[in-house]
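Data block below; observations after.
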Amino acid sequence: MQDLLRHVFGWVCGQNPAHTWMPGGEVLPLCQRCTGVYAGALVAGLLHLAWRPVPTPGWRWLNGAFLLFMLPSGLYWIPQNPELRCDSGILFGFGLVAFLWLTLPVESAIYDLRFTRPLEIPAQRVNRKSQIVNLAGLFATLVLVPLLAENGEAVAAGILMVACAGGALALVALLLANAWLLLRWLARRVSARAA
Amino acid sequence: MKPNLSPQSLLAGVGAVSLVIYVLACATSFSPDDRQVLYPTFDPRTGASSVALYDRQTTRSEMLFTAIGADAVTNQQPVLLRAGWLPDGKHILIASADGDGGLNLLVLPRGVQEPVRHFFLPKPDKDSAATSLEFPFAVAGSHLFLNGDGRNPVRVDLLTGELSGGDKATDEVFALPSPDGKTILGLRDRKTEGGMEYGTIDPQTVEFKSLGQVGTNVSDGTLPAFNPTDGRLMFIGNSGEQLQLQVRQSGQTELTRPLVRSGEKLQVGPFLDFSRDGKTALTTYCAVQGTNKTEYGLLEIPLSEAPLRFTPLFHGQRTENAELLFAQPSLSHDGNTWAMGTAFLYLQNETLEPESCALFLVDLSGPNRPVTKVPIPAPALRKPLVH
């Protein structure tokens with residue numbers, strides 16, 4: 001399983017040994033930044049599924065800033081250490097999921113998992129709770145992933161590998177969903193023009 | 001379900017493009033040694049053994065490292081160096097022999113902001129042989145596998161300097177790299193039965209897993225090459241005085257073809273490379289022509305009935321030992337360029353003229369074989385290497 005993950009992630013990650021965690025002696029199949037991206041994408045995907053925030057302009061700007069933060073971080077314009085590399089990846093993963101989820105219809109969130117049913121309280125309040133849960137999830141991920149990775153137990157490596165694999169699957173699913181929506185939109189435009 | 005395509009779709013597109021850019025930036029899309037080639041050279045001011053980096057786009061060389069070895073008379077004693085890229089393509093490993101049998105390892109970051117790492121490995125005991133630097137690095141991840149008598153192989157963690165292996169369980173297994181840059185090939189002499197056992201070494205446990213055996217006809221001083229993707233092993237063998245290339249797969253001989261050139265005595269090897277399509281073997285050759293002339297170059301051996309292809313690179317005087325072990329050839333990752341640096345070959349082989357001291361790059365991509373020669377300044381005083 002480890003070899004398979006290492007092989008698959010080798011296509012998308014440089015796997016720089018100097019920037020790779022080894023919890024309990026197990027070498028992760030991703031560098032620290034990519035570990036953050038995919039673990040962050042998994043957590044963000046789960047949060048969007050259960051507590052999808054309404055994409056207000058402020059929410060979009062915030063996630064846009066998460067994406068842009070990769071620029072100074074990835075290009076080493078700011079000092080880096082393993083935790084900062086990972087956290088810049090987590091922010092990027094959250095931003096990616098938020099942006100890729102924008103086109104999905106409202107039915108793609110499980111609203112019953114909100115604190116209460118959306119019709120019983122004002123929508124603005126529901127959205128505020130979703131945003132709070134998402135931000136709390138983000139802060140928890142920013143703290144827990146580096147802690148887990150720097151843990152001396154091999155089980156931490158297993159958890160992170162599963163999380164990264166899940167995050168990668170979530171991103172692939174979001175990309176496919178967006179590609180499907182784009183194709184459907186193009187097909188409708190072509191048929192409308194033909195009519 | 002009505003899809004919302006604007007402006008959400010634009011932002012989703014931004015997200016998708018960001019992901020693609022990130023992946024392209026993080027993944028090693030091509031190894032730098034396809035554009036830049038590391039080669040041994042000499043410091044033009046002192047004549048000391050050095051490592052340089054040749055950029056094929058700018059056609060310029062950059063001196064990376066010089067090993068100053070003090071000598072009572074000349075102030076310089078050339079030492080054997082080997083340089084190679086680590087699999088991540090972002091670090092260069094330079095190993096240099098220490099005069100007392102120890103080994104210096106230097107990990108130089110390229111394009112990443114990290115400190116240079118230096119490790120020193122002392123000789124384990126006075127009876128042990130020094131670590132063999134004549135052979136290419138066997139690296140898996142951050143682990144380097146070194147060969148030296150009595151501790152074969154010893155594994156060095158290039159991040160922490162931790163040493164492991166080299167005990168009775170792994171004793172006398174010779175570690176070599178494989179074309180995939182991940183698998184470590186292991187070779188072990190079969191002392192009682194004769195011949196050689198080959199297999200892989202687990203990078204984590206340093207355990208040897210046997211995959212098969214070859215007979216006693218492996219030519220002395222040559223090294224087999226192993227392709228982990230199809231399990232083929234090839235080596236230079238002897239049939240009487242005749243050299244031949246043998247390819248084995250699943251314990252069976254798949255191909256045997258003689259290596260001859262009309263009227264000339266050939267020396268080939270010791271290093272073999274599979275071409276990227278797996279259809280050709282590449283190695284160095286030295287052909288004795290007439291009574292006092294030799295020709296050195298690249299030999300391409302098709303793993304079929306097609307004729308051998310010789311690409312001459314330089315000439316020397318006749319010698320019984322061409323010292324091809326010191327030629328340090330290499331095949332680029334895209335398989336389009338074969339390189340040979342002759343700095344150490346020039347030191348060891350006194351029949352060679354200073355003009356033969358160069359980095360030679362042979363373009364394999366087309367039907368012809370154009371050669372680029374990057375001259376190396378030969379030292380004024382030729383002394384044998386410390387290794």
Side-chain angles (χ1 to χ4, degrees), chain A residues 2-3 6-7 9-20 22 25-27 30-31 33-34 37 41 55 60 63-64 67-68 70-71 74-76 79-80 89 92-93 95-108 171 174-175 177-182 184-186 188-189, chain B residues 1-32 86-91 93 107-117 139-144 157-160 162 164 180-183 202-205:
Chain A
Q2 267 178 282
D3 288 343
R6 199 173 310 285
H7 179 75
F9 281 126
W11 289 95
V12 294
C13 175
Q15 298 173 330
N16 181 352
H19 292 177
T20 303
M22 291 186 288
E26 298 284 341
V27 183
L30 289 159
C31 69
R33 206 183 303 278
C34 287
V37 170
R60 290 178 197 168
N63 284 287
L67 290 180
L68 280 177
M70 182 56 79
L71 202 62
L75 294 176
Y76 291 87
Q80 299 281 299
F92 190 74
L96 277 178
V97 169
F99 271 36
L100 291 173
W101 210 293
L102 284 174
T103 51
L104 302 192
V106 289
E107 290 87 344
S108 56
L171 286 176
L174 282 171
L175 287 172
N178 275 277
W180 161 248
L181 289 173
L182 180 65
R184 200 173 66 164
W185 178 74
L186 285 172
R188 283 181 181 174
R189 282 200 64 158
Chain B
M1 244 180 14
K2 185 181 176 186
N4 298 322
L5 288 166
S6 183
Q8 285 89 335
S9 55
L10 283 176
L11 291 176
V14 168
V17 170
S18 301
L19 179 60
V20 170
I21 291 172
Y22 174 78
V23 165
L24 289 177
C26 185
T28 312
S29 54
F30 60 91
S31 180
L86 292 187
D88 63 9
K90 294 168 184 168
H91 297 84
L93 173 63
V107 181
L108 302 177
R110 294 293 293 182
V112 287
Q113 289 188 334
E114 283 176 27
V116 173
R117 292 190 179 84
V139 181
S142 63
H143 290 143
L144 168 69
D157 188 318
L158 294 174
L159 294 174
T160 64
E162 181 191 358
S164 49
D180 65 358
K182 295 173 183 171
T183 309
D202 187 316
Q204 298 300 323
T205 62

Atom group of A:Phe92 that falls short of 4.5 Å from chain B, counting heavy atoms: side chain
B:Leu11 to A:Phe99 - nearest heavy-atom pair and separation: O-CD2, 3.0 Å
Minimum heavy-atom distance B:Ala12-A:Leu100, with the two atoms named: O-CD2, 3.5 Å
For A:Asn63, all residues meeting side chain to side chain donor-acceptor pair (under 3.5 Å), sequence neighbours excluded: none
Side chain / backbone / both / neither for A:Val97 at chain B, heavy atoms under 4.5 Å: neither
Shortest non-hydrogen contact between A:Leu175 and B:Ala16, atoms and distance: CD2-CB, 3.8 Å
Under 4.5 Å from a heavy atom of chain B, the part of A:Leu171 involved: side chain
Closest approach of B:Ser18 to A:Leu67 (non-hydrogen atoms, all atoms of both residues): OG-CD1, 4.0 Å
Atom group of A:Arg6 that falls short of 4.5 Å from chain B, counting heavy atoms: neither
